[in-house]
Structure formats: C-alpha cells, structure tokens
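Reviewing the structure listed below.
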Amino acid sequence: MTSSPAARPAARGPAPAADAGARPNPAALLAWYDRHRRRLPWRAEPGKRSDPYHVFLSEIMLQQTTVKAVGPYFGAFLARWPTVSHLSAAPLEEVLSAWAGLGYYARARNLHACAKAVVARHGGRFPRDEAALLDLPGIGPYTAAAIAAIAFDAKASPVDGNIERVVSRLYAVDTPLPKGKAAIKAHAAALTPHARPGDFAQAMMDLGATICTPKSPACSLCPWMAPCVARAQGDPARYPVKAPKGEKPRREGVAFLAVRADGAVLLRTRPDKGLLAKMTEVPSTPWGGKPERPEDHAPLAAVWRPLPGTVEHVFTHFALTLAVLRADLPAGTPAPADHRWVRPQAFDAEALPSVMRKVLAHGRVG
DNA sequence: AATACGTGGCT
DNA sequence: TAGCCAAGTAT
C-alpha cells in the first residue's frame, strides 16, 4: 500500500524538516538537474534536443547495463553506423560481433530489427508517438517513454530502476515489486510536469544514480528530502521493497578446445533461439545439472586432454562451471559440419560472448 | 504472472 | 565471497 507524503507523520528517525508533507516539486528537481546534470556521451548540450537515433541506441544499450559498460560500445556503434539507415543496412553478424561482451544479446538482434522497421515503416525517422515506438522490436514501455520524452520532449513518464527507487521512497510504497510497480508508475506519471518532461525524466534517473542510491542514499543532498516519506520514516534504504529471489541453480559442461597446428581454433554458431542465440561458441556438451559424457559430444575424433582448473561464469538465472578439454590437430584437418576454424587474429570479427572468451583465455588461446 | 535472458562492478 | 545491482523486454 502507499501513502501520500502528507498522510503519514514521521513515526521515527530524524525530525521532519519544516516543509515536510509538501508535494514533491518538479521545478525543484529540474533546478537541481540544471546544477548537477551529468555529461554523458549520448546526452545533448543543455537546452538542445538529442538525436532520436542516439537516444534509441543509448537506451537499448543501457537496459540493465551500467553507464560505464555502455560508453565504449556507444561510441563504436555510432562511428560504425552513424544513422539508423546505416544500422539497418548492416549484416546482423556484424552487429552481433560489435555487441559481443555487452550481454543480453536479444537486444542486439532487436536493435537491428528495429532499425529495419524504422526505415521500412517510418522512412528512417523515429516516430514521436509513444504507441508507435512501443510497437517497434526491442522497445518496451520504459524505452518508448524514454525516447518520447528525451528525444522529443513529449510528456511521457519512463520508469526505470532508478525512478522506481526514487518514487518508492518518496511515497513509501511498501507493496513488494513487481506488484508495486503499478502504484509507482501512477505516482511517476502524476509527478511529470508539462514543462521539460525530457529533462525531468533524466533528472529523476540522475537523482537515483547519484543521490537516491540503493544503499546509504545521500538524503542531505537531495532536493526532495523534505517531502520524502521514506526519509521521514528514518530508513529510506528499505525501499523499494522487493519479492525474495529464488535459488540460482548450478550447471556444468565440458568445452572442446580444438587447436590446429596453424593456431586456428574450432568454433561454431549457437542456435537461433535461447541463451546466447546466434553467438559464436567453443563446441561443448549441453549445460545441465549433471555432467554429460564428453565422448558423446566431441566435435571430432582426437586425443582430448583435460586442462587443469575450470571456467566459472554466472548468468542471470544459473551459474556455470565449464571443464575444458584440449586437442591439438594437424594442419589441414577439415572442420566438421556446422563448425569452422578461426585464427585468433579473426576473433574480433566473431560474436564471442564473455563466457567463451573466458574459455579461450583458459586455454591460452587468442 | 513468472521466467528467460549477460555481464562486470561493488559490498 | 556470494549476492546485489545497473536507463528492461519478450514470451
């Protein structure tokens, strides 16, 4: 349940400021933003509107991904594909290899599909309409609202993890997420001003990223300290309340590192759907709860020797332990069906996810 | 509604 | 260290 800032007196914690109970003032947040606005590669100069393509590209990359991780990828994509038309004309394989290492690879496939759709449906220009944006591949409720607000200054209210945290504290929303998201979205929409909705959205996100942080929020620096109910309660870090998470299972497998005399390594492309879809991999047994018999899955007949140690990798929903078997093959050994020999100099052109780079590094290949 | 889907940094 | 967290979406 939620309570309005005015409805609940401070039960404990520090004494409320003189104007506690006041409605959070959007203008106060915008004034804070004007003073503390972060400079980010995809952000326009103050007072200017961002290129919708830049907003789109950055928002897709920033989904569940830190600003620091996105930085170099954003620059590389923009240099390689300066417009949505360039991106739409690129081969998917190139987009996937450029995305390799960023994670959530469905984003890269959808990014490419979205670029094609923007060209096909909208003549190469992003629609301003939130509903039309939502209809594009890879663009969900958050991203549609973010593009509408930031690129077009439309009165839209994107709600990301930062804004969830800020709003849940402001109103002390104690319904555990994800159920509590509905109330949070309603509060966020009601808060959004007609003036500068794009800056307001970015201000909320900056506030969450720099002041209203998950642990030990810097309330004393917050422009909304006074009206914040969680602050008045004395334990703002309690919010947002989240439903408990399930156990993370462990899976294991065996990877086959076949190295030819010229240094080439045997690789293949993963299936079209599921984990790491269409990405490049070192051949391996299936990854399951119990170990498979490696000899049933070796890509070719050879003397397979175990490498000491294992490769550990944690995915969102399971942890993986990979043993690595290595075989050295003579020059001229043909690649089995659906496999290919790739020299380390060509690894950068491959869509190698981090887990596979770990396997290659473990075998001191590449 | 619940689950699948990556990765790296921080505590 | 083991878990939590980051500008979520698709199914």
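First the proteins, then the strands, lettered A, B, ... as listed; each starts at 1. Here the structure is a predicted model, which means the values were calculated and not measured.
For the pair H317(A) and dA4(B), the criterion of a side-chain N or O lying under 4.0 Å from OP1 or OP2 is not met. Here Y104(A) does not reach the OP1 or OP2 of dA4(B): none of its side-chain N or O atoms lies under 4.0 Å away. OP1 or OP2 of dT7(B) has at least one side-chain nitrogen or oxygen of H313(A) nearer than 4.0 Å. For dG8(C), the OP1/OP2 oxygens have no side-chain nitrogen or oxygen of Q63(A) closer than 4.0 Å. Phosphate proximity of dG8(B) to S354(A): present, with a side-chain N or O under 4.0 Å from OP1 or OP2.
Going from atom OH of Y73(A) over to atom C1' of dG6(B) covers 11 Å, rounded to whole Å. Summarising the geometry, the separation between NZ on K248(A) and P on dT1(C) is reported as 16 Å, rounded to the nearest angstrom. When rounded to the nearest whole Å, the span between CG of L177(A) and P of dA1(B) equals 13 Å. Taking atom NZ on K242(A) and atom C1' on dG8(C), their separation rounds to 12 Å, with Å as the unit. A straight line from CG of L40(A) to P of dA6(C) spans 16 Å, rounded to a whole angstrom. Between the CD atom of E164(A) and the P atom of dG8(C) there is a distance of 9 Å, given to the nearest Å. Between K181(A) atom NZ and dA1(B) atom C1' the separation is 12 Å, expressed in whole Å. Between the CG atom of L134(A) and the P atom of dG8(C) there is a distance of 16 Å, given to the nearest Å.
Mapping K215(A) and K273(A) onto DNA chain B by nearest heavy atom places K273(A) at the nucleotide closer to the 5' end. Toward the 5′ end of DNA chain B lies the nearest nucleotide of K179(A), the other residue of the pair L352(A) and K179(A) mapping further downstream.
Looking at heavy-atom distances under 4.0 Å, R43(A) makes contact with a base. In this structure, W99(A) reaches neither bases nor backbone, as no heavy-atom distance under 4.0 Å exists between it and the strands shown. Nucleic acid contact class of V314(A) (heavy atoms, under 4.0 Å, all strands): base. Among the atoms of the strands shown, none is found under 4.0 Å from any heavy atom of G208(A). Using a 4.0 Å heavy-atom criterion, one finds that R165(A) contacts the sugar-phosphate atoms exclusively. Nucleic acid contact class of P158(A) (heavy atoms, under 4.0 Å, all strands): none. Residue-level contact check: T143(A) touches the backbone only, with heavy atoms under 4.0 Å from sugar-phosphate atoms and none from bases. Using a 4.0 Å heavy-atom distance criterion, G101(A) is classed as a sugar-phosphate-only contact. The residue I163(A) sits apart from the nucleic acid: no heavy atom pair falls under 4.0 Å. I60(A) comes within 4.0 angstrom of nothing in the nucleic acid, heavy atoms only. I150(A) comes within 4.0 angstrom of no nucleic acid atom, judged by non-hydrogen atoms across all strands.
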Sequence neighbours excluded and cut-off under 3.5 Å, please list the side-chain donor-acceptor pairs for residues 258-267 of chain A, or say none.
from, atom 1, to, atom 2, distance (Å)
R260(A), NE, D262(A), OD1, 3.1
R260(A), NE, D262(A), OD2, 3.4
R260(A), NH2, D262(A), OD2, 2.7
D262(A), OD1, A264(A), N, 3.1

Expected list for residues 132-148 of chain A: side-chain donor-acceptor pairs under 3.5 angstrom, two or more places apart:
from, atom 1, to, atom 2, distance (Å)
D135(A), OD2, R121(A), NH1, 3.4
Y142(A), OH, E59(A), OE1, 2.7
T143(A), OG1, Q63(A), NE2, 3.0

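Between the side chain of Y142(A) and the base of dG8(C), no donor-acceptor pair under 3.5 Å is found. For dG6(B), its base sits under 3.5 Å from the side chain of T65(A) at one donor and acceptor pair at least.
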- Take R340(A) and E350(A) through the test salt bridge (Lys or Arg N to Asp or Glu O under 4.0 Å) and record every step on the way to the result. CA-CA 11 Å; R340(A) 57 185 182 274; E350(A) 291 288 339; 2.8 Å; yes

- Item | Stepwise salt bridge (Lys or Arg N to Asp or Glu O under 4.0 Å) check, D235(A) with R238(A) | CA-CA 6 Å; D235(A) 186 17; R238(A) 176 164 99 80; 5.2 Å; no

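Counting heavy-atom neighbours within 6.0 Å of D338(A) CG, excluding the residue itself, gives a total of 12 or less.
Geometrically, R270(A) engages W287(A) in a cation-pi contact, judged by NZ or CZ lying under 6.0 Å from the ring centre and within 45° of the ring axis.
Listed candidates were dT7(B), dG9(B), dG6(B). Nearest to the side chain of P353(A) is dT7(B). Residue P141(A) has its side chain nearest to dT9(C) when only dG6(B), dT11(B), dT9(C) are considered. Side-chain proximity of R107(A) to the nucleotides dG6(B), dT9(C), dG9(B) is greatest for dG6(B). Comparing dA6(C), dG9(B), dA10(C) by their closest approach to the side chain of K68(A) singles out dG9(B).
Across dA6(C) and dC5(B), the matching C1' atoms stand 15 Å from one another, rounded to whole Å. Between dT11(C) and dG6(B), the distance separating the two P atoms is 14 Å to the nearest Å.
Note on D160(A) versus R165(A): no salt bridge recorded, every NZ/NE/NH1/NH2 to OD/OE distance being 4.0 Å or above.
In terms of heavy-atom proximity, A188(A) sits nearest to S157(A) at O-OG, 4.0 Å.
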